[in-house]
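Just the heavy atoms: all of them, side chains too, but no hydrogens, waters or symmetry mates, feed the values below.
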Number of protein chains: 2
Amino acid sequence: MSATRSRPPTITDIARQAGVSTATVSYVLNDTPGTRIPEATRRRVTEAADDLGYVPHASARSLRTGRSDLVVYAMPAVTLGPFAARFLAGLADELQDRGFTLVLHGDSASRGVRAARRWARLRPAAVIAEGHRLTDAARDLMRRSGTVLVALGGAPEAGLPTLVLDHRGMGEAAGRHLAGRGCRDVAAVIPAEPVLRDMGEARAVGVEEGLRGAVEGDAGGGQSRDGESADGDAIAMRRTPMEETPEDAGRVVREWIRDGLPDGVFGYNDEHAGLLLSALIDAGVEVPGRVRLVGADDLPLCGMLRPRLTSVGLRAEYAPAEAAERLLSLITGEEGADRPLRLWTPELRVRASS
Amino acid sequence: MSATRSRPPTITDIARQAGVSTATVSYVLNDTPGTRIPEATRRRVTEAADDLGYVPHASARSLRTGRSDLVVYAMPAVTLGPFAARFLAGLADELQDRGFTLVLHGDSASRGVRAARRWARLRPAAVIAEGHRLTDAARDLMRRSGTVLVALGGAPEAGLPTLVLDHRGMGEAAGRHLAGRGCRDVAAVIPAEPVLRDMGEARAVGVEEGLRGAVEGDAGGGQSRDGESADGDAIAMRRTPMEETPEDAGRVVREWIRDGLPDGVFGYNDEHAGLLLSALIDAGVEVPGRVRLVGADDLPLCGMLRPRLTSVGLRAEYAPAEAAERLLSLITGEEGADRPLRLWTPELRVRASS
DNA sequence: TTGTATGCGTTATCAG
DNA sequence: CTGATAACGCATACAA
């Protein structure tokens with residue numbers, strides 16, 4: 001190793017040491033197609049690079065090429081749950097393998113051009129952001145800087161490839177299940193936290209459709225609780241707002257008891273459902289005897305609770321690799337931008353609570 | 001808004017449109033100290049910039065200044081848990097507020113110079129990485145490129161500011177608690193997964209010290225179970241490897257029953273502890289009557305289990321802001337690199353399981 | 001107060 | 001096949 005330098009070595013330093021020009025160095029180091037460099041020269045260059053401890057300067061490269069290898073993930077305002085965390089970690093890994101670097105952009109409050117300007121400074125190869133933050137002006141801005149835009153949301157965004165988290169489908173699976181078990185009076189919990197409301201509503205709508213679909217598909221012949229027959233009437237569903245705290249779960253259960261207990265509950269996610277389960281048990285309500293309960297996300301937590309929690313999850317194991325692959329084909333322009341990217345398919349895991 | 005251009009506008013475009021030089025544009029846009037630009041000129045420039053939809057080019061700037069506004073977080077190989085996820089999301093936000101951008105670097109397998117070269121390409125302002133990945137050569141490389149290095153680990157890394165996650169301290173709090181409740185035969189669970197082993201061992205060592213410390217501090221007078229007196233002997237502690245699956249939790253419990261049940265268990269974290277609790281209940285073992293159980297991380301899950309799970313957590317609420325602040329003072333050179341950054345203090349939350 | 005000129009590290013376009 | 005050399009967009013020392 002040569003003497004410690006005050007500044008990192010550049011290809012100019014390598015060129016000098018190897019006795020060639022900077023162009024040759026660039027060719028060798030990048031394996032530039034359409035150039036045939038003799039093995040001898042090639043070795044001299046790589047050895048000089050190793051010797052000097054050369055590290056390419058990403059900014060210089062992207063200034064020249066006009067594009068960086070950065071992929072911006074604009075973090076949603078939602079608290080990063082276990083599901084999203086796993087996806088993100090996986091995505092970072094997969095992108096790295098493909099020569100890209102994931103950037104976590106944190107100003108979840110801003111949207112539109114204001115947000116887009118922040119992203120555009122990096123001249124990233126792609127930006128992944130919630131659909132509702134991508135106003136027309138924002139899309140224009142990103143398009144002008146040549147950045148691939150990917151929307152994030154519960155449903156495909158018109159004109160953009162979308163990472164679809166199928167909230168409606170999750171609710172539907174849960175609703176169908178509850179109806180199939182004979183539930184006639186279902187409560188869908190919706191988080192009180194504003195940033196989660198939309199997701200909660202999407203899941204609730206799904207539950208409604210699942211309930212209706214199950215009744216229609218049944219044609220009056222499904223199994224039912226207490227010997228009542230499913231008569232084809234639409235099943236009642238109420239929406240119940242709830243904060244993610246033990247205290248509020250207690251309040252919800254007390255009000256249910258006062259106003260009439262539902263016979264089926266969709267808990268929005270496993271944490272809400274777990275808190276409800278806790279409160280129901282404390283109140284002496286039998287689960288699933290009196291109230292059937294279904295959560296969502298299928299966290300490990302479900303297997304630890306007593307009774308175990310039935311949950312509808314989205315299998316995230318392979319999602320990051322798929323997402324990275326699709327992102328790349330979008331970046332390299334091999335693929336149109338229209339097709340939505342439905343990464344996850346809802347999958348019900350039935351356990352003891354329902 | 002002017003016509004759509006094929007390439008994003010530059011300060012040269014602004015200068016032309018405003019009828020000034022690029023230097024003036026730069027002065028105005030950056031509020032460069034030591035320059036007095038009349039309000040009239042200033043307005044012409046900002047208006048032109050707005051009109052053209054100007055977005056500064058981060059790479060060009062960092063090439064010129066030699067420094068980028070990127071902070072690299074080299075992701076540990078460990079699965080991103082809820083705790084780390086919250087910290088990361090918070091850090092991204094805080095850094096953004098201060099003009100920096102968080103980069104999630106995903107090649108958790110590589111270390112040493114190999115990893116350092118990947119980081120160095122971005123010429124980041126700072127790199128946060130696990131201490132064991134920072135070999136001397138790697139540190140040298142980063143230092144030469146003028147990057148602030150911050151270690152991540154269970155204990156302060158010599159010569160580097162360290163984000164300390166006090167695993168030993170967590171174990172100690174748990175051990176002290178168990179000893180105080182009269183436990184004499186404690187099992188510390190250590191995750192079987194290789195990347196978690198070190199953390200598990202650190203927490204186990206802490207448990208050992210906690211047990212010993214409690215006995216010594218007690219001087220034979222502490223409360224104890226079944227009327228036995230704490231006689232000052234060191235309390236026995238065994239290490240129990242376990243995978244994070246219901247099946248393996250079952251195996252562990254069966255072996256405990258066969259070889260003699262411990263009277264106290266530290267479950268490594270809440271998920272391991274929850275699985276163990278589940279298995280213990282299934283096996284008909286009374287908790288905490290026969291076995292006292294303590295988890296770690298203090299997840300919401302703890303309040304949902306029955307019995308509720310005692311847990312030792314690290315309060316992470318304010319950590320991101322503190323970390324960002326310290327990082328900044330390190331970057332700007334206002335502060336020496338020696339002082340460790342102990343962000344989290346272990347804190348026991350006693351619930352019904354122990 | 002403002003303009004001119006230069007260089008940051010790379011890649012790409014040309015000649016040779 | 002390889003070597004000069006001109007951009008890329010920006011910041012700044014220096015000149016006017």
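Taking every side-chain heavy atom of A/Pro56 into account, C/dT10 is the closest of C/dT10, C/dT1, D/dA11.
Across every non-hydrogen atom of B/Leu134 and B/Val150, the tightest pair is CD1-O, 4.5 Å. In terms of heavy-atom proximity, A/Leu160 sits nearest to A/Ala151 at CD1-CB, 4.2 Å.
Using a 4.0 Å cut-off between a side-chain N of Lys or Arg and a carboxylate O of Asp or Glu, B/Arg42 and B/Asp31 qualify as a salt bridge. Looking at A/Arg44 and A/Glu39, no side-chain N of the basic residue comes within less than 4.0 Å of a carboxylate O on the acidic one, giving no salt bridge. Under 4.0 Å is where a charged nitrogen must lie from a carboxylate oxygen, and between B/Arg7 and B/Asp13 no such pair does.
B/Ala324 pairs by the side-chain contact (heavy atoms from CB on, under 4.5 Å) definition with B/Leu91, B/Glu94, B/Leu95, B/Arg98, not counting sequence neighbours. Checked against side-chain contact (heavy atoms from CB on, under 4.5 Å), B/Ala92 has the following partners two or more places apart in sequence or in another chain: A/Met75, A/Leu104, B/Leu102.
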Tabulate atom names and distances for all N/O pairs under 3.5 angstrom spanning the protein and nucleotides 6-8 of chain C.
from	atom 1	to	atom 2	distance (Å)
C/dG7	N2	B/Arg64	NH1	3.0

Show your reasoning for whether side chain to side chain donor-acceptor pair (under 3.5 Å) applies to B/Thr35 and B/Thr32. CA-CA 6 Å; B/Thr35 59; B/Thr32 308; 5.0 Å; no
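A heavy atom closer than 4.0 Å to some atom of DNA chain D occurs in no member of residues 114-124 of chain A. Across residues 18-32 of chain B, B/Ala23, B/Ser26, B/Tyr27, B/Asn30 each have a non-hydrogen atom less than 4.0 Å from an atom of DNA chain D (numbered order).
Between atom OG1 of residue B/Thr41 and atom OH of residue B/Tyr27 there is a gap of 13.5 Å, rounded to the nearest 0.5 Å.
Over its length, the helix from C/dT1-D/dA16 to C/dG16-D/dC1 turns its helix axis by 50°, as judged from the five terminal pairs at each end, rounded to 10°.
Whole-Å rounding puts the A/Ile11 CD1 to D/dG3 P distance at 13 Å.
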